[in-house]
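Scroll down for the structure; my scribbles are underneath it.
For clarity, every value in this text was computed on a predicted model and none was experimentally measured.
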Amino acid sequence: IGNLCICQDKLADSLLNLGLLEILIDLLNIEEYKADIFWSLSNLVESVPIKTIHSFSHEFIEKLINDSLTACFDVRKEENI
């Protein structure tokens with residue numbers, strides 16, 4: 001799923017219309033999936049930021065930050081230049 005999330009607007013629209021964002025958010029509650037969900041969300045936001053970021057509440061962003069700080073997996077910071 002993570003690789004699919006790096007895509008052009010048309011494919012991203014299809015993924016979003018199929019409910020991918022909601023599915024990913026629901027799966028964040030399962031610890032063993034968190035690393036892959038973080039990766040997929042990161043790629044999806046990179047591909048279509050305007051269509052995804054506005055779907056995130058303040059509480060959800062705080063949860064992502066807290067989860068990343070206490071994660072049992074490595075969280076990498078990446079920067080596009």
Side-chain angles (χ1 to χ4, degrees):
I1 298 292
N3 286 332
L4 281 175
C5 292
I6 290 289
C7 56
Q8 295 179 354
D9 283 0
K10 197 169 192 175
L11 178 57
D13 286 341
S14 295
L15 293 171
L16 293 172
N17 289 335
L18 290 169
L20 180 64
L21 192 59
E22 292 81 8
I23 292 167
L24 292 174
I25 290 170
D26 286 345
L27 289 174
L28 269 175
N29 295 319
I30 302 172
E31 192 67 35
E32 66 188 272
Y33 297 146
K34 278 190 181 182
D36 290 323
I37 301 304
F38 271 87
W39 174 46
S40 299
L41 285 172
S42 172
N43 287 348
L44 194 56
V45 169
E46 181 180 344
S47 292
V48 284
I50 293 172
K51 296 177 182 180
T52 51
I53 292 175
H54 297 294
S55 300
F56 301 152
S57 68
H58 179 76
E59 292 80 17
F60 177 71
I61 293 171
E62 284 183 349
K63 178 181 175 14
L64 288 180
I65 292 168
N66 288 333
D67 284 355
S68 67
L69 293 173
T70 60
C72 297
F73 52 86
D74 290 334
V75 176
R76 293 186 325 176
K77 296 178 184 177
E78 296 180 11
E79 180 178 328
N80 289 336
I81 297 177

Distance (rounded to the nearest 0.5 Å) between T70 OG1 and I65 CD1: 12.0 Å
Distance in Å, L64 CG paired with L69 CG, rounded so as to fall on 0.5 Å steps: 11.0 Å
Sequence neighbours excluded - side chain to side chain donor-acceptor pair (under 3.5 Å) pairs with any residue from residues 14-23: none
Sub-4.5 Å side-chain heavy-atom contact between L28 and L24: no
Note, L27 side chain near D36 side chain (heavy atom, < 4.5 Å): no
Determine all donor-acceptor pairs shorter than 3.5 Å in which one atom belongs to a side chain in residues 50-62; sequence neighbours excluded.
unit_1: K51; atom_1: NZ; unit_2: D13; atom_2: OD1; d: 2.6
unit_1: K51; atom_1: NZ; unit_2: D13; atom_2: OD2; d: 3.1
unit_1: T52; atom_1: OG1; unit_2: V48; atom_2: O; d: 2.9
unit_1: T52; atom_1: OG1; unit_2: P49; atom_2: O; d: 3.4
unit_1: S57; atom_1: OG; unit_2: F60; atom_2: N; d: 3.0
unit_1: H58; atom_1: NE2; unit_2: E62; atom_2: OE2; d: 2.8

Shortest non-hydrogen separation from A12 to C7 and the atoms involved: N-SG, 3.5 Å
Heavy-atom pair with the smallest gap, counting every atom of N3 and W39: OD1-CZ2, 3.3 Å
Option passing side chain to side chain contact (heavy atoms under 4.5 Å, CB included) with C5 (candidates L44, L11, V45): L44
Side chain to side chain contact (heavy atoms under 4.5 Å, CB included), paired with L21, selected from L15, L41, D26: L41
Under the side-chain contact (heavy atoms from CB on, under 4.5 Å) test, residues paired with I6 that sit two or more places apart: N43, E46, S47
Connected via hydrophobic side-chain network under 4.5 Å: I30 and L20: yes
